[in-house]
Trainee: 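First the structure, then my questions, so here it is.
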Amino acid sequence: MFKIFGRKSENDEDREFLEIEVTEPVDCLGDFTFNFHWQHKGEKLDPAWKIPGNDVTFGEVVEHLKNNGNVRINGDAGHRLASSMGVDLQYFQGTGKDISVGDIYVEGNVDTRMGISMTRGSIYVRREVKEPMGNLVEVKSNQKGYRQFRSITDIVTNGLNGNKVVGCQFTGKKFIIDDGTIKDTVGARLDVDMEIIKKGDVDLSTGILMRQGTVRVNGNAGKNTGALLNGGTIIIDGNTDDFTAIDMIKGTLIINGNAGKFLAANKKTGMIFAKREVPYHLQKRKLFRARTNNS
């Protein structure tokens, strides 16, 4: 199914390319979390596992990206490509901070949830990307024949660096996204005093692990909105799905619609405001008070 071999690129600042030949999509290539390894403890995916039909491991692909090498996938990529790319995760004895990484090139299509919680690097795609995609926007590509995607968090933190965004406006301290796509993890790990406004609906985990800034969604949001929120403000103009504010640490979450079921599960501190359908068990336990401080 796969072949891999390194070479120097002629078109990307002489970065070393790790090339993978695929005949069918494989999930979680370049996934820095290894599909949330801390939850399944290696039962679903482990860094030491070899990519099927291949001598290289999933972990070696991530390490190559961490060493500022590029990865080329010659074929279609599966789900969760480049999850949390650019994060030196503490679970793997990292610093927990963003790090410089290489880029990923896909010569075919990419399946859903590409770039969830991604904070650095670019993904270049030759063909189509299925939605929902992750914490990404498209920019005018600097590589002929490819679509280029960058992290929303990266852009608001580090600037456009010469890129021109597609379907977005970035001025001053405000980034308005109106590209018509459904996204997961918008504003993931945001830690600067900037405002992200997403026009239209979003899917999973809006503002996950935010520390500063504001994310506003002019529409509805999916499950796990505000998960692990650790500062800043999330505003959802519509409804949220279940498990809103799960494991919330601090910050402010405003929902101008229905907040869904299992609101504030395992929540520590912070404030939650909502207009409709506050679950009775939360009112009884005083974990939630509509439009009042949440203790």
Trainee: Using only heavy-atom distances, determine whether the side chains of Gln212 and Asp193 contain a donor-acceptor pair under 3.5 Å.
Mentor: no
Trainee: Begin with the C-alpha distance, continue with both residues' side-chain angles, and end with the deciding distance and a verdict on salt bridge (Lys or Arg N to Asp or Glu O under 4.0 Å) for Arg216 and Asp237.
Mentor: CA-CA 8 Å; Arg216 181 163 196 151; Asp237 288 341; 2.8 Å; yes
Trainee: Where is the tightest heavy-atom contact between Asp154 and Gly121, given as atom of each residue plus distance?
Mentor: OD2-N, 4.2 Å
Trainee: Out of curiosity, Thr153 OG1 to Asn158 CG, how far, rounded to the nearest 0.5 Å?
Mentor: 10.0 Å
Trainee: Mind checking whether Leu65 and Ile99 sit in one hydrophobic cluster, side chains of I, L, V, M, F, W, Y counted as touching below 4.5 Å?
Mentor: yes
Trainee: Considering only NZ, NE, NH1 and NH2 on the basic side and carboxylate oxygens on the acidic side, decide whether Asp98 and Arg189 come within less than 4.0 Å.
Mentor: no
Trainee: Does the pair Asn135 and Ser117 meet the rule for a side-chain contact (heavy atoms from CB on, under 4.5 Å), with working shown?
Mentor: CA-CA 6 Å; Asn135 184 38; Ser117 298; 5.9 Å; no
Trainee: Has His40 got a side-chain atom pairing as donor or acceptor with Asn35's backbone, closer than 3.5 angstrom?
Mentor: yes
Trainee: Work out which heavy atom in Gly257 is nearest to a heavy atom in Ala274; give both atom names and the distance.
Mentor: O-CB, 4.4 Å
Trainee: Are Ile104 and Leu45 linked, directly or through other ILVMFWY residues, by side chains that come within less than 4.5 angstrom of each other?
Mentor: yes
Trainee: Is there a side chain to side chain donor-acceptor pair (under 3.5 Å) between Glu131 and Thr181? Walk through the geometry before answering.
Mentor: CA-CA 7 Å; Glu131 297 177 25; Thr181 64; 5.1 Å; no
Trainee: May I ask you to decide if the ring planes of Tyr146 and Tyr124 are parallel, tilted or perpendicular, using 30° and 60° as cut-offs?
Mentor: perpendicular
Trainee: We want to know whether Ser100 and Asn68 form a side-chain donor-acceptor pair, criterion being a heavy-atom distance below 3.5 angstrom.
Mentor: yes
Trainee: Between NZ of Lys223 and NZ of Lys261, what distance do you get to the nearest 0.5 Å?
Mentor: 8.5 Å
Trainee: Does any donor atom in the side chain of Asn74 or Glu19 lie under 3.5 Å from an acceptor atom in the other side chain?
Mentor: yes
Trainee: Using the rule that Ile, Leu, Val, Met, Phe, Trp and Tyr join whenever any side-chain heavy atoms are under 4.5 Å apart, tell me whether Ile208 and Met210 fall into a single cluster.
Mentor: no
Trainee: Tell me, do Ile254 and Ile236 make a side-chain contact under 4.5 Å, heavy atoms counted?
Mentor: no
Trainee: Whether the side chain of Asp247 engages the backbone of Ala227 through a donor-acceptor N/O pair (distance < 3.5 Å, no angle test) should be reported.
Mentor: no
Trainee: I'd like to know if Met114 and Val62 are part of one continuous hydrophobic network [Ile/Leu/Val/Met/Phe/Trp/Tyr, side-chain heavy atoms within less than 4.5 Å].
Mentor: yes
Trainee: Spell out, yes or no, whether Ile51 and Ile123 are grouped together once hydrophobic residues are joined by side-chain heavy atoms under 4.5 Å, including indirect joins.
Mentor: yes
Trainee: Could you tell me if the side chain of Asp76 sits less than 4.5 Å from the side chain of Val106, heavy atoms only?
Mentor: no
Trainee: Could you tell me which non-hydrogen atom of Gly86 sits nearest to which non-hydrogen atom of Val101, and how far apart they are?
Mentor: CA-CG1, 3.8 Å
Trainee: Is a salt bridge present between Glu107 and Arg72, judged by a nitrogen-to-oxygen distance below 4.0 Å?
Mentor: yes
Trainee: Could you go through Phe273 and Leu253, starting from their C-alpha distance and side-chain angles, then the distance that decides it, and tell me whether this counts as side-chain contact (heavy atoms from CB on, under 4.5 Å)?
Mentor: CA-CA 6 Å; Phe273 302 87; Leu253 180 56; over 6 Å; no
Trainee: What distance do Thr240 atom OG1 and Asn258 atom CG have between them, rounded to the nearest 0.5 Å?
Mentor: 7.0 Å
Trainee: Within the 4.5 Å heavy-atom criterion, are Asn161 and Arg150 side-chain neighbours or not?
Mentor: yes
Trainee: So, do Lys275 and Ile255 sit near enough that their side-chain heavy atoms are less than 4.5 Å apart?
Mentor: no
Trainee: Is the shortest side-chain heavy-atom distance between Phe175 and Ile152 below 4.5 Å?
Mentor: yes
Trainee: Return the orientation label for the Phe34 and Phe92 ring planes: parallel under 30°, perpendicular over 60°, tilted otherwise.
Mentor: perpendicular
Trainee: Can you confirm whether His37 sits close enough to Thr33 that some side-chain heavy atom of one is under 4.5 Å from a side-chain heavy atom of the other?
Mentor: no
Trainee: Which atoms form the tightest heavy-atom contact between Ser122 and Gln148, and what is the distance?
Mentor: OG-NE2, 3.1 Å
Trainee: Taking side chain as C-beta onward, heavy atoms only, is Thr244 less than 4.5 Å from Asn224?
Mentor: no
Trainee: Decide whether Asn109 and Glu128 meet the rule of one side-chain donor and one side-chain acceptor closer than 3.5 Å.
Mentor: no
Trainee: Any chance you could measure Gln169, atom CD, to Asp178, atom CG, to the nearest 0.5 Å?
Mentor: 6.5 Å
Trainee: Which is it for Val166 and Asp179 under the side-chain contact (heavy atoms from CB on, under 4.5 Å) test, yes or no, and what are the steps along the way?
Mentor: CA-CA 7 Å; Val166 176; Asp179 59 7; 5.9 Å; no
Trainee: Closest heavy-atom contact between Glu60 and Leu18?
Mentor: O-CD2, 4.5 Å
Trainee: Please tell me if the side chains of Leu209 and Asn230 come closer than 4.5 Å, counting only heavy atoms from C-beta onward.
Mentor: no
Trainee: When you measure from the side chain of Thr269 to the backbone N and O of Ile249, does any donor-acceptor pair fall under 3.5 Å?
Mentor: yes
Trainee: Salt-bridge test for Asp203 and Lys183: reply yes if a basic N is under 4.0 Å from a carboxylate O, no otherwise.
Mentor: no
Trainee: Do NZ/NE/NH1/NH2 and the carboxylate oxygens of Arg113 and Asp184 come within less than 4.0 Å?
Mentor: yes
Trainee: Minimum heavy-atom separation for Asn220 to Asn239, with atom names?
Mentor: OD1-N, 2.7 Å
Trainee: Would you check if there is a donor-acceptor pair between the side chains of Asp88 and Thr95 at a distance under 3.5 Å?
Mentor: yes
Trainee: Is there a donor-acceptor contact under 3.5 Å from the side chain of Thr252 to the main chain of Met271?
Mentor: no
Trainee: Drop me the distance from Lys198's NZ to Cys168's SG, to the nearest 0.5 angstrom.
Mentor: 9.0 Å
Trainee: In terms of side-chain geometry, is the basic nitrogen of Asp103 or Arg15 positioned less than 4.0 Å from the acidic oxygen of its partner?
Mentor: yes
Trainee: Is it the case that over 12 heavy atoms from other parts of the model lie below 6.0 angstrom from the CZ atom of Arg211?
Mentor: no
Trainee: Assess the residue pair Met248 and Leu228 against the criterion (side-chain contact (heavy atoms from CB on, under 4.5 Å)); give the C-alpha distance rounded to whole Å, side-chain angles, the decisive distance to 0.1 Å, and a yes or no.
Mentor: CA-CA 4 Å; Met248 179 176 170; Leu228 293 161; over 6 Å; no
Trainee: Calculate, to the nearest 0.5 Å, the distance between atoms NZ and CG belonging to Lys97 and Leu89 respectively.
Mentor: 14.5 Å
Trainee: State whether the side chain of Ser83 and the backbone N or O of Gly115 hold a donor-acceptor pair below 3.5 Å, judged by distance alone.
Mentor: no
Trainee: Which one of Trp38, Phe32, Phe36 satisfies the ring pair (Phe, Tyr, Trp, His ring centres under 6.0 Å) criterion with Tyr91?
Mentor: Trp38
